[in-house]
Amino acid sequence: MAVVLAVPTCLLLAFVGLAVELRAEDYGDASTTRSEIELSLRLRSLVHQLQLERGLTNGLLGGETRYGKQLVATRKLVDVQLHDLRDQPAVEDVIQTRLGRLAGTRADVDSDIAGRDATITFYTYAITGLNAVDPAAGTATRGDRQLRDGVAALQALAQAKEALANERSSLNGVFAYGAFRRAEYLEFIQERAERLAAIGRFRQVATADQRLLLDQAFGTTAANDTFTYEQLAERGVDGSRLNVDSRAWWKGTGTLNDDLYTVQLQVGADVTDRTRALSDEAAGSLALYVVMGVLILGIVSAAAALASRSITRPLAALAGGADDIARRRLPEAVSRIQQARSAGASPPEPAEPAGVLVRHGAAEIAEVATALGNVERTALDLAAEQARLRANTTESLANLGRRNQGLIRRQLGLITKLESRELDPDELAELFELDHLATRMRRNAESLLVLTGQHTARPIARPATALEVVRSAVAQVEQYRRVMVAQVERGSLRGHVVTDVAHLLAELIENGLTFSPPEESVDVHGWRDEVAGEYCFAVVDHGVGMSAADLRRSNALLVDSGDEIFLSAPTRFLGHHVVGRLARRQDIEVRLFDTPEGGVSALVILPPRLLAPDEEEPAPPAPKPGISVLLNAFRAGVARAETGSPSAPAYEAAPRPASYRTKEGTPS
């Protein structure tokens with residue numbers, strides 16, 4: 001969807017951007033033209049005043065002294081306009097170069113030392129330069145015809161006005177002198193011809209209203225007097241005396257010049273209005289295209305947002321459904337299947353999954369939702385199949401364990417009969433070894449039943465002492481000669497837990513023997529905690545030990561082994577799994593610690609409810625050297641473990657208590 005919208009959107013925005021750029025260029029041109037026209041009109045005003053100053057100066061140099069006051073006022077107007085234009089880069093250079101000697105020329109005129117021809121040439125040279133740098137001259141090359149014609153009319157009128165001003169200034173001096181001198185007549189004829197040609201060009205490009213204004217300017221009495229004076233001037237071609245009042249000529253041509261200047265101002269106003277209209281039109285067009293671009297961008301953004309939401313909403317629903325499947329529904333379904341298996345019931349058939357509900361989504365998203373539903377269904381089927389497989393495996397192992405237990409029981413009974421009839425000591429020793437092997441086989445069969453969650457079929461009704469339980473455990477391990485039974489304090493266990501406790505201790509002792517060097521022994525201790533009323537066993541080996549990670553894993557397994565599937569546990573931890581199952585069954589606490597000298601120490605804590613009242617017995621012998629230190633160290637290790645002390649050892653290094661054996665070498 002985004003790709004489909006991107007191409008036309010980019011093309012449309014590119015078109016709008018190009019249009020905005022063109023409109024901005026038009027607006028800039030219109031603004032520039034407007035500024036140029038305004039500057040041109042200011043320049044025409046300066047030229048008008050310079051033309052007036054030139055004519056008055058020419059008359060004054062011709063002998064007409066009455067122009068003095070008017071000349072002073074005109075000079076002030078020229079100075080003001082020059083000051084206003086000096087900061088304009090377009091005319092600053094020409095003002096500096098062509099009017100730089102204006103003050104000196106005026107001083108020469110006032111001192112009556114200026115030459116008439118040189119002075120008129122100076123003014124004409126300056127005015128010609130100002131007309132040449134007309135800022136509006138370049139405007140005629142731009143696209144609007146009305147604007148081009150208006151600028152052309154303004155330039156033609158400026159040329160006609162300059163020609164009239166030159167003629168006025170020249171004849172003013174001639175009439176003041178009373179006759180033409182040298183080439184003055186030829187200059188007069190040229191100026192009048194230039195004026196007529198400029199007026200003709202003006203009429204070609206001017207509007208009807210502008211032509212009407214020009215006709216009105218040439219239809220006045222002053223204009224008619226000017227034409228009359230021109231006809232009189234024509235008669236002086238031979239240098240004859242001209243009896244013409246110069247002041248009348250100056251006044252009449254001054255009125256005509258002012259009228260032409262008025263027409264010039266009106267044409268300038270028309271051009272200014274046109275530039276303003278073009279500027280406003282360009283600004284409006286620019287604003288329109290900008291608004292259009294913003295609207296298009298907004299519409300496209302809204303469409304993209306709607307398209308995105310049409311995609312993101314189904315995707316969000318899909319992601320939420322998938323997360324719900326992964327985090328809640330699938331684990332809950334698997335947990336129900338496993339709980340049914342743990343309770344002994346057959347694993348239920350998995351219910352049809354609800355799948356992921358996605359509304360208003362594309363077909364592809366709906367297909368993904370269906371695929372997720374299929375994944376959930378397959379996962380549930382796999383979980384149910386695994387639960388059935390594990391249930392069948394567990395049941396098979398339990399049946400196998402019961403069969404082995406029955407066979408071993410019969411085997412032990414047969415061995416016992418043989419032992420009772422055998423008199424040969426060597427044969428009897430071999431029977432004892434066979435009896436020991438059968439006892440170990442029976443423990444393995446019982447371990448298999450424990451792992452499958454079954455109870456052993458060897459309940460003991462009578463209580464047993466702690467020492468009897470230890471001896472029973474030692475008798476169930478292979479290398480029993482390496483076991484040293486240290487001081488075991490007096491204590492009795494209830495009959496229903498004797499078998500499980502002996503089995504638990506046998507697993508711990510067997511594990512210690514397996515992971516200890518052949519020359520090292522495994523020590524077993526037992527003592528009563530008079531404060532808590534508990535009875536504790538300690539199995540201490542000095543073998544290879546365990547890593548911190550394995551120690552944490554084993555302690556977690558001993559605390560809670562009921563929910564872990566023993567089929568997935570590593571083989572080296574199956575003994576711990578059996579111990580954890582037995583401990584959990586009887587509410588016994590088992591903890592593993594690092595032995596300071598190397599190896600692992602196991603602490604077994606029996607709660608008071610598992611202990612039977614002690615029968616009257618003689619006081620136990622005094623503890624052998626080091627046993628008090630050992631017991632206190634075990635208690636300190638337990639306390640540190642409960643407070644979270646890192647890597648708390650079971651006990652500090654202490655002398656190992658002496659062990660004792662029977663004269664036969666078997667555990668006492």
Side-chain angles (χ1 to χ4, degrees), residues 466 469-470 473-474 477 479-480 482-489 491 501-517 519-529 532 534-559 561 572-573 575-580 582-583 588-606 623-659 667:
V469 173
V470 171
V474 173
V477 301
Q479 303 178 40
Y480 57 87
R482 291 172 51 200
V483 180
M484 291 187 178
V485 180
Q487 178 67 31
V488 178
E489 296 181 1
V501 175
H503 191 172
L504 184 150
L505 291 175
E507 291 289 344
L508 293 175
I509 294 171
E510 185 78 58
N511 192 71
L513 292 170
T514 302
F515 293 98
S516 297
E519 66 274 7
E520 289 288 343
S521 64
V522 174
D523 305 335
V524 182
H525 308 272
W527 69 92
R528 180 188 294 276
D529 187 344
E534 302 168 335
Y535 195 91
C536 302
F537 293 101
V539 179
V540 183
D541 70 67
H542 303 278
V544 296
M546 302 177 67
S547 65
D550 288 343
L551 197 62
R552 288 193 299 269
R553 187 184 302 110
S554 295
N555 276 318
L557 187 64
L558 294 175
V559 171
S561 62
R572 60 180 300 191
F573 296 122
H576 290 166
H577 200 101
V578 173
V579 172
L582 292 172
I588 298 173
E589 184 178 356
V590 182
R591 299 182 186 177
L592 300 180
F593 304 93
D594 287 328
T595 302
E597 300 176 359
V600 177
S601 299
L603 177 64
V604 181
I605 303 175
L606 278 65
K624 298 179 186 288
I627 187 66
S628 300
V629 177
L630 180 65
L631 300 184
N632 292 333
F634 260 115
R635 295 187 180 99
V638 172
R640 284 193 294 269
E642 291 175 349
T643 57
S645 176
S647 303
Y651 54 84
E652 305 296 335
R656 287 169 41 188
S659 60

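Among all heavy-atom pairs drawn from G526 and F537, the shortest one is CA-CD2, 4.3 Å. P517 and G543 make their closest contact through CD-CA, 3.8 Å (heavy atoms, listed as atom of the first residue, atom of the second, distance). Here the closest non-hydrogen pair linking L513 and R482 is O-NH1, 3.4 Å. Taking all atoms of both residues into account, the shortest heavy-atom contact from M546 to L592 is SD-CD1, 4.4 Å. Of all heavy-atom pairs spanning L504 and A583, the tightest one is CD1-N, 4.0 Å. Listed here is the closest heavy atom pair of V488 and A466: CG1-CB, 4.0 Å.
Formation of a donor-acceptor pair under 3.5 Å by the D541 side chain with backbone atoms of V600 is found in this model. N555 contributes a side-chain N or O that, together with a main-chain N or O of L551, makes up a donor-acceptor pair within less than 3.5 Å. Not a single donor-acceptor pair under 3.5 Å links the side chain of E534 to the backbone N or O of I605. Remark: the backbone N or O of H542 is not paired with any side-chain donor or acceptor of T595 at under 3.5 angstrom.
To the nearest 0.5 Å, the span separating CG on D550 from CG on L557 amounts to 11.5 Å. The CG atom of D523 sits 13.0 Å away from atom CD of Q487, with the distance rounded to the nearest 0.5 Å. Here the straight-line distance linking atom CZ of R553 with atom OG of S547 works out to 7.0 Å at 0.5 Å rounding.
Proximity of V604 to L505: side-chain heavy atoms (C-beta onward) are separated by under 4.5 Å at one or more points. Under the 4.5 Å side-chain criterion, counting only non-hydrogen atoms from C-beta, V522 is not in contact with Q479. With contacts defined as side-chain heavy-atom distances shorter than 4.5 Å, the pair I509/V524 qualifies. The shortest side-chain heavy-atom distance between Y535 and E489 falls under the 4.5 Å cut-off. Looking at R591 and L558, their side chains never come closer than 4.5 Å, going by heavy atoms from C-beta outward.
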### Message
Set out, in order, the CA-CA distance, both residues' side-chain angles and the distance that settles side-chain contact (heavy atoms from CB on, under 4.5 Å) for V501 and I588, then state yes or no.
### Response
CA-CA 9 Å; V501 175; I588 298 173; 3.9 Å; yes
